[in-house]
Amino acid sequence: MDLYEYQGKELFRRFGIPVSEGRLATTPHEARAAAVEIGGPVVVKAQVLTGGRGKAGGIKLADTPEEAEQRAGEILGLDIRGHVVRRLWIERASEIAKEYYLSITFDRGAKQPLFMFTAEGGVDIEQVAEDSPEALVRLYVDPLEGFQPYQARRLIYGAGIGDPGEQKQIASILESLYAAFVGCDAMLCEINPLLVTPDGEVKALDSKFTVDDNALYKHPDIAQMRDTAAAAPQEVLAREKDVTYVKLDGSVGILGNGAGLVMSTLDVIALAGGRPANFCDLGGGGDAEGVVDALEVITSDDQVRSIFFNIFGGITRCDEVARGILQALGRMTIEHPIVVRLDGTNAEEGRRILADASPPNLHVEPTMLDAARRAVELAR
Amino acid sequence: MDLYEYQGKELFRRFGIPVSEGRLATTPHEARAAAVEIGGPVVVKAQVLTGGRGKAGGIKLADTPEEAEQRAGEILGLDIRGHVVRRLWIERASEIAKEYYLSITFDRGAKQPLFMFTAEGGVDIEQVAEDSPEALVRLYVDPLEGFQPYQARRLIYGAGIGDPGEQKQIASILESLYAAFVGCDAMLCEINPLLVTPDGEVKALDSKFTVDDNALYKHPDIAQMRDTAAAAPQEVLAREKDVTYVKLDGSVGILGNGAGLVMSTLDVIALAGGRPANFCDLGGGGDAEGVVDALEVITSDDQVRSIFFNIFGGITRCDEVARGILQALGRMTIEHPIVVRLDGTNAEEGRRILADASPPNLHVEPTMLDAARRAVELAR
Amino acid sequence: MAIIVDTNTRLVVQGLTGSEGSFHGVRNRNYGTQVVAGVTPGKGGQDVEGIPVFNTVAEAVAEAGANTTMVFVPARFAADAIYEAVDAGIGTVICIAEGLPAHEMLRIYNYIRPKGVTMLGPNCPGALSPGKANVGIIPAEIFRAGPVGLVSRSGTLTYQIGHELTQLGLGNSTIVGIGGDPVVGSSFIDVLAKFEEDAETELVVMVGEIGGEEEEKAAAFIEAEMSKPVLAYIAGFTAPPGKTMGHAGAIISGSAGTAEAKKEALEANGVRVGTTPTQVAQLVAERASVTS
Amino acid sequence: MAIIVDTNTRLVVQGLTGSEGSFHGVRNRNYGTQVVAGVTPGKGGQDVEGIPVFNTVAEAVAEAGANTTMVFVPARFAADAIYEAVDAGIGTVICIAEGLPAHEMLRIYNYIRPKGVTMLGPNCPGALSPGKANVGIIPAEIFRAGPVGLVSRSGTLTYQIGHELTQLGLGNSTIVGIGGDPVVGSSFIDVLAKFEEDAETELVVMVGEIGGEEEEKAAAFIEAEMSKPVLAYIAGFTAPPGKTMGHAGAIISGSAGTAEAKKEALEANGVRVGTTPTQVAQLVAERASVTS
């Protein structure tokens with residue numbers, strides 16, 4: 001789960017990482033009030049779960065509350081890479097002497113948390129990594145050993161930070177960042193830029209904070225930070241129904257079990273000349289409830305013309321899925337043609353169950369390729 | 001540093017381990033007031049840093065406040081294995097259905113914390129360990145892995161605890177006890193007995209709690225629990241002066257550098273027919289300040305008749321020790337004959353310095369054995 | 001021989017008394033796997049269709065000689081179950097449970113790795129050595145014994161490919177699902193190295209998917225260390241690009257993580273990549289006929 | 001050969017710029033030890049009598065080729081220093097610093113052990129291989145080279161015994177102080193095993209003291225695993241019995257931990273025990289003359 005800048009900064013603050021004072025605003029009027037409370041020049045920052053908002057006009061300086069109100073009006077409603085701005089963070093403006101880059105994330109390959117730190121922040125950091133890799137200090141932390149003070153020194157001296165005041169502040173920020181990373185079950189905590197003000201204060205000017213969905217049950221306070229309104233309506237419905245669903249732009253609705261098989265199904269649909277309407281993974285479940293939920297989500301997309309059920313039974317038993325499909329069709333009205341392919345655990349029984357019932361709009365195909373072709377055909 | 005029962009229970013309480021309500025009392029009058037506040041029958045318990053207080057009459061039941069006052073009067077001032085009772089813990093009396101034994105300590109050999117748990121508590125636990133080792137469940141915790149819930153199950157099922165209510169309470173106590181052990185830098189946390197009341201409540205009826213002296217700087221709240229009045233006066237003085245000192249019963253005052261060498265010196269004094277008056281380790285220091293401090297502590301013992309300085313230089317330099325001795329003798333009046341033996345780093349220079357000054361009561365001997373014999377002679 | 005599971009496997013099922021645990025545990029036993037014990041705290045002394053249940057894994061090891069565990073407990077109890085198994089001396093952990101918090105799995109990985117424990121999952125279908133042992137949820141009836149090692153990040157996709165191989169008359173030495181969670185106990189490289197050393201395996205099919213850089217690393221490993229032929233399938237050519245926050249991910253891998261990038265890395269290291277499960281099965285069939 | 005430190009030792013001193021660190025670091029260098037670097041955060045770029053100082057151990061390893069560290073920092077920074085050294089690839093850690101919190105040392109021990117790191121201390125005098133290298137605070141001038149391995153829990157007592165040996169014309173392969181803190185990086189057994197494999201060591205003197213059960217365990221190890229003769233000295237026959245709280249300690253060791261109990265255990269396993277440093281040196285002299 002990705003957090004907004006202001007949410008990440010709230011977590012930073014809890015763990016002792018300095019951030020600028022700010023207020024949330026959802027209207028120009030609130031932005032003005034926030035600017036008044038903060039006093040002095042503020043920055044009006046679009047809160048969107050994507051990058052590039054600066055270039056898109058989503059960050060603006062305002063010297064007065066009036067100006068803050070006006071800028072807020074300009075930014076609210078902007079579409080930034082498909083994300084509509086509905087929240088603003090009004091923050092005390094900071095003078096910038098230097099900009100560093102700092103992050104901690106999972107290196108899934110090395111299976112250890114990885115700190116990355118460079119004094120060459122404020123520019124395209126991926127470019128820094130490519131052009132001058134020696135300027136980007138990387139340091140792994142053994143999760144059993146935990147964060148040790150020497151690791152801060154490795155990063156600080158490695159990045160060439162010479163000022164003792166900065167060294168001390170950054171050492172403390174590094175320790176806090178690791179604590180936040182572990183304490184919030186984060187997958188990523190990124191500070192870009194980590195700011196040094198002209199009078200030597202170090203603080204986080206931005207935050208990218210991603211929390212492990214699988215650990216959200218331990219963090220109800222973070223879980224409720226989710227902005228359900230920001231997602232596509234089908235995805236909101238899917239989350240409510242606990243269905244793994246990603247909306248795409250085609251006309252063949254896809255329903256399968258297992259992410260790999262569903263991805264492969266999308267590929268096969270494309271090879272058969274069709275375009276998938278979605279990615280939808282039933283996961284381990286295949287009972288009527290799960291099938292109904294998934295079908296409701298898929299058919300809520302008007303672009304869908306046919307539906308392809310691609311099931312290979314393992315933990316999911318094909319007979320259960322077959323019964324689930326029949327029950328679902330009994331409980332809801334589906335106009336779309338449905339192509340079903342069942343293989344694996346109890347597949348024969350599943351196919352027999354469907355054949356016995358043989359609802360009018362249901363087509364059972366023997367192989368994945370045959371089924372894909374049929375679904376593409378029926379979507380035309 | 002060893003804690004009193006009531007101090008250990010205070011730490012238990014902080015970590016969520018159930019203990020009975022109680023009050024500290026240092027006079028019979030306070031004991032009475034405590035019993036009134038608690039209400040109902042209480043137990044009056046001598047607080048001493050040694051075992052065996054029950055057999056010594058240091059634990060008594062009192063049904064009324066008057067009785068508590070009377071029992072307190074009987075117990076205060078008792079000498080239990082050399083410890084005079086000056087504090088009492090007045091605790092709500094508990095009914096006892098079962099008694100278990102639970103501890104966690106360092107296994108210095110295995111270099112892991114070790115839980116020991118048995119349902120056969122309330123008797124001599126060392127006897128249980130010897131007679132029916134299978135009844136005493138031992139479980140190591142990898143300090144990097146930390147405490148895991150399964151470890152509670154291993155201990156609980158291993159000890160044959162079948163009652164689900166007890167299982168649940170003990171699992172929680174085990175987790176809390178590990179947290180207390182790590183969180184307080186303890187060397188030992190022992191609960192003997194771990195009580196089960198007739199209505200199934202599990203709680204700690206006693207506590208033995210030892211905290212690592214080297215980690216006390218992290219725990220100022222625990223450090224101030226030290227009862228400085230409980231030690232021998234020489235030892236109190238030694239602690240003030242930061243000198244490692246243990247009082248013994250002989251007449252030869254011993255001062256050496258390094259615990260091993262000092263222990264060996266005691267042995268050699270005994271072999272030479274003498275009796276050491278103390279164990280005193282200068283440690284790495286050997287400057288005048290350290291020597292003065294050590295001599296003050298040693299000579300505060302009236303039994304001392306001669307003093308044996310046994311120094312083998314390593315990190316301690318013998319010339320520094322020689323100068324320290326001379327300065328110390330200049331700053332304080334020592335009547336006792338002092339036998340000095342110096343070897344190791346800068347030993348020659350040290351001997352030369354002493355020979356040049358040659359104070360009247362100072363005898364320099366070439367070997368440890370010679371010096372021991374001389375010191376024993378001079379103590380006669 | 002086969003790898004990871006075979007006739008020497010003595011399986012304990014953690015969570016045997018649950019509905020899924022008992023279904024698959026008994027199914028594994030019926031396949032021929034030596035399922036010697038189950039563990040469910042508080043149910044020690046019971047049995048599941050004759051498989052004795054213990055309160056702790058330590059008892060299952062001491063009394064039933066278990067050497068391999070299948071973890072079928074809910075995600076939030078899985079880390080504890082894995083520590084319990086490893087600390088009881090279990091050398092092979094197959095974690096069917098999915099959705100463990102990544103930080104928990106990270107600690108487990110770093111804890112068990114120096115101990116030499118082999119782990120598949122979390123979120124894996126298990127391992128099947130046809131004719132020898134099946135541990136997990138792989139539908140064994142669609143596979144037959146043979147010389148093809150199969151390793152995959154995906155469950156159902158593995159079945160699909162195994163199914164296609166079977167229809168072409170090909171069999172498998174072992175089918176290994178390494179699991180789909182962000183942090184898993186074995187990488188492609190770990191499993192490829194085992195297949196390289198396995199006498200029964202003649203060639204290997206690796207089934208990858210978009211995301212991460214495991215396939216790219218495996219490509220380099222295959223070129224450097226593998227004498228046996230390897231063929232690959234990658235799923236997700238038409239998958240939407242995953243949205244990522246921040247820059248850290250992209251910097252670490254130095255790889256786009258796309259199916260196309262993985263395909264290129266593999267082909268650059270001499271590994272042929274099929275575009276559909278059917279095609280990769282055909283490539284295997286061609287290669288196998290050349291090899292044998 | 002010798003053990004732990006020798007002519008291949010390339011030493012970094014953590015805390016070189018402190019007064020004790022520089023005194024002993026330079027003294028070790030003057031003895032002939034390759035002292036290649038010091039580390040003091042913030043003093044990188046300086047030098048101590050020609051020994052370059054770095055900000056981090058990683059730099060000392062990369063730029064000066066350090067493979068061994070001597071830890072001379074205050075106790076509360078020592079754990080961090082040890083993690084830094086080990087994570088930078090240092091294989092031998094000699095911790096002179098004393099009084100580390102036991103829980104910190106416990107974590108360190110369990111962290112470094114699987115990595116194969118050799119550690120002496122905390123609270124140890126170091127290791128001296130006469131004529132080759134001296135790392136620590138052992139006064140090298142009182143020792144000479146020879147066939148006697150010496151391992152001890154105590155610093156000054158070690159010097160005493162080495163001194164007595166030298167006066168009898170005997171020399172040492174390596175003198176090893178394992179350290180006096182409650183949890184130390186190497187046990188007697190670890191060091192005895194190294195002496196057993198060292199070609200230059202012909203017999204070994206083990207210097208123990210009251211408390212714990214390391215000497216008892218070593219006695220069993222000597223009987224079972226050592227082909228070379230071992231002699232022992234135990235200090236503390238007249239020491240007051242340590243007061244202990246609770247029962248746990250006594251239950252664990254199953255030993256009284258007294259000097260008498262240790263002597264009995266050693267003698268029961270064929271190890272002769274001297275009653276004074278002088279006597280143990282004489283026993284060694286007798287034995288050495290038989291051996292050579």
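As the structure is a prediction and not an experimental result, all values here were calculated from the model. Protein chains get the first letters and strands the later ones, always in sequence-line order, with residue 1 at the start of each.
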Exercise. Check the surroundings of atom CD in C:Glu197: do more than 12 heavy atoms from other residues, nucleotides or ligands lie under 6.0 Å from it?
Key: no
Quiz item: Is the number of heavy atoms from other residues, nucleotides or ligands under 6.0 Å of C:Glu49 CD greater than 12?
Solution: no
Self-check item: Side-chain ion pair, C:Arg107 and B:Glu145, N-O less than 4.0 Å
Solution: no
Quiz prompt | Greatest number of heavy atom pairs closer than 4.5 Å to chain B - which of C:Asn110, C:Asp80, C:Asn55 | solution = C:Asp80
Quiz item: B:Tyr150 pairs by side chain to side chain contact (heavy atoms under 4.5 Å, CB included) with which of C:Asp87, C:Val57, C:Val39?
Solution: C:Asp87
Self-check item: C:Tyr111 portion near chain B, given a 4.5 angstrom heavy-atom threshold
Solution: side chain
Quiz item: Would you say C:Tyr83's side chain and B:Gly146's backbone share a donor-acceptor pair under 3.5 angstrom?
Solution: no
Quiz item: Rounded to the nearest 0.5 Å, how far does OG1 of C:Thr56 lie from CG of B:Leu155?
Solution: 10.5 Å
Self-check item: C:Lys194, NZ atom: more than 12 neighbouring heavy atoms under 6.0 Å
Solution: no
Exercise. Determine whether more than 12 heavy atoms belonging to other residues, nucleotides or ligands lie under 6.0 Å from atom CD of B:Gln127.
Key: yes
Exercise. Apply side-chain contact (heavy atoms from CB on, under 4.5 Å) to the pair B:Arg153 and C:Glu84, showing each step before the final yes or no.
Key: CA-CA 10 Å; B:Arg153 298 195 298 272; C:Glu84 176 174 8; 2.9 Å; yes
Self-check item: Over 12 non-hydrogen atoms of neighbours within 6.0 angstrom of CD in B:Glu175
Solution: no
